[in-house]
Amino acid sequence: MQVGERIVARCRELAGITDVEGETTRTFLSPAMRRANDQLAAWATEKSFTTRYDAAGNLHILRNADIVTQKTFLLASHLDTVPNAGAYDGPLGILLGLALLEEAPPLPFHLELIAFSEEEGVRFGFPFIGSKALTGELTEELLTRTDTHGINVREAITAYGLNPGELPEAILHPGHFGYLEFHIEQGPVLEHEDRALGIVTAIIGQSRLQLTFTGKANHAGTTPMHLRHDALTAASEFVLATETLARNTPGLVATVGRLTPYPGAGNVIPGEVALSLDVRHADDSVRHASVEALLATANSISVTRRVRITHTFKLDQPAVPMDTSLTGLLAEAAAPTRPLTLASGAGHDAMVLAPHLPATMLFLRTPGGLSHHPDETVLPSDVQLAFETGLRFLERIANV
Ligand SMILES: [Zn+2]
């Protein structure tokens with residue numbers, strides 16, 4: 001069996017470990033998470049790797065360097081899932097990492113594989129509990145948040161048999177010098193471009209705004225067209241202008257996902273429209289300029305259509321770039337597979353780690369772009385290519 005096929009088989013085996021019969025559902029520190037960790041640890045000890053839990057329930061698997069050193073390279077992904085998940089979002093990154101621990105030639109640094117206990121945010125309504133333990137960002141406020149049973153994060157850790165007082169020991173140490181995360185793309189781009197692998201340049205940033213278009217409601221029968229102040233036709237013009245700008249700006253995605261006209265009756269000219277705007281790009285300056293351009297468009301629509309347009313900013317989340325030199329090495333290692341270079345539209349653990357140590361990500365093609373669904377899949381041949389890329393990448397780091 002090729003390594004790629006073995007990795008896929010192990011992902012399928014883990015997918016059978018679930019809190020809900022007939023699904024793949026594993027949440028932070030649940031009984032199924034313990035069984036999945038036990039299975040991972042069993043595979044790790046077959047090769048005599050050391051395993052340990054940190055206080056956030058992350059499982060660490062360590063392969064020692066062939067020399068005396070503090071230098072440690074991190075491979076990681078998450079073991080938890082969304083409800084009724086597929087087999088690959090998260091676990092694929094862990095099992096690719098485990099295969100690298102098993103198969104890589106002797107290296108002058110330790111390899112540490114981490115199975116994060118939580119990334120999806122299902123149990124406590126906020127994500128990245130696992131990776132935030134490594135960066136010291138599990139604040140007291142987060143630790144006291146509760147799940148639907150009224151149990152807080154700290155209590156959940158204690159109930160699992162771990163000691164929340166030891167959380168500071170989970171924090172990255174100065175020997176950690178780099179981070180690689182494999183993940184399925186969870187989107188259609190690689191498949192559309194007929195590529196197996198993608199080099200991630202950044203986790204994209206996003207702006208969210210609320211706009212209100214105010215015209216004048218009036219009778220749909222008695223008000224002639226040239227005397228109307230229709231808020232919805234003005235908003236519609238803005239929606240199409242948003243689409244046009246995004247289509248004409250490489251890498252930009254912009255969405256009006258909610259549009260609510262008032263009073264919302266069939267025989268009344270809409271007097272007011274509330275509208276949501278979501279704008280995302282890997283480059284914050286492009287994103288900000290695009291938002292400014294859209295607000296200028298709104299301004300000119302307000303003049304020509306004689307409606308008032310106001311806006312409020314709801315979110316301005318910066319992009320998180322991946323480390324350029326590590327990502328350059330990854331691109332070299334992946335070159336034989338003709339990888340695509342792309343930004344991630346979704347958040348990942350790498351986003352939490354990247355501000356603290358050089359981090360990079362490799363995406364694998366997601367057939368049908370389907371994820372967070374039991375039918376989520378990968379091609380074993382793509383997994384094989386990702387594994388071989390990982391081997392070449394580690395050799396390159398060893399020679400830097
Ligand atoms: Zn994921």
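Every number for a ligand or one of its atoms is a count from 1 in the order of the listing. Values reported hereafter were calculated over all heavy atoms of this structure, with side chains retained and with hydrogens, waters and symmetry mates removed. Quick caveat: nothing in here was measured; it's all calculated off a predicted structure.
Shown are Thr25, Thr27, Asn84; of these, the side chain to side chain contact (heavy atoms under 4.5 Å, CB included) with Val20 is made only by Thr25. Paired with Leu79 under the rule side chain to side chain contact (heavy atoms under 4.5 Å, CB included), one option of Leu59, Ile94, Asn58, Ile17 passes, and it is Ile94.
Between the side chains of Arg287 and Ser207, at least one donor-acceptor pair of N or O atoms lies under 3.5 Å. With 3.5 Å as the limit, one finds a donor-acceptor pair spanning the side chains of Gln210 and Arg258.
The Zn ion (ligand 1) lies closest to atom NE2 when only the N/O/S atoms of His183 are considered. With respect to the Zn ion (ligand 1), His78 has NE2 as its nearest N, O or S atom.
Counting backbone and side-chain atoms alike, Asp89 contributes an N/O/S atom closer than 2.8 Å to the Zn ion (ligand 1). Within the coordination shell of the Zn ion (ligand 1), defined by N, O or S atoms under 2.8 Å, His348 is absent.
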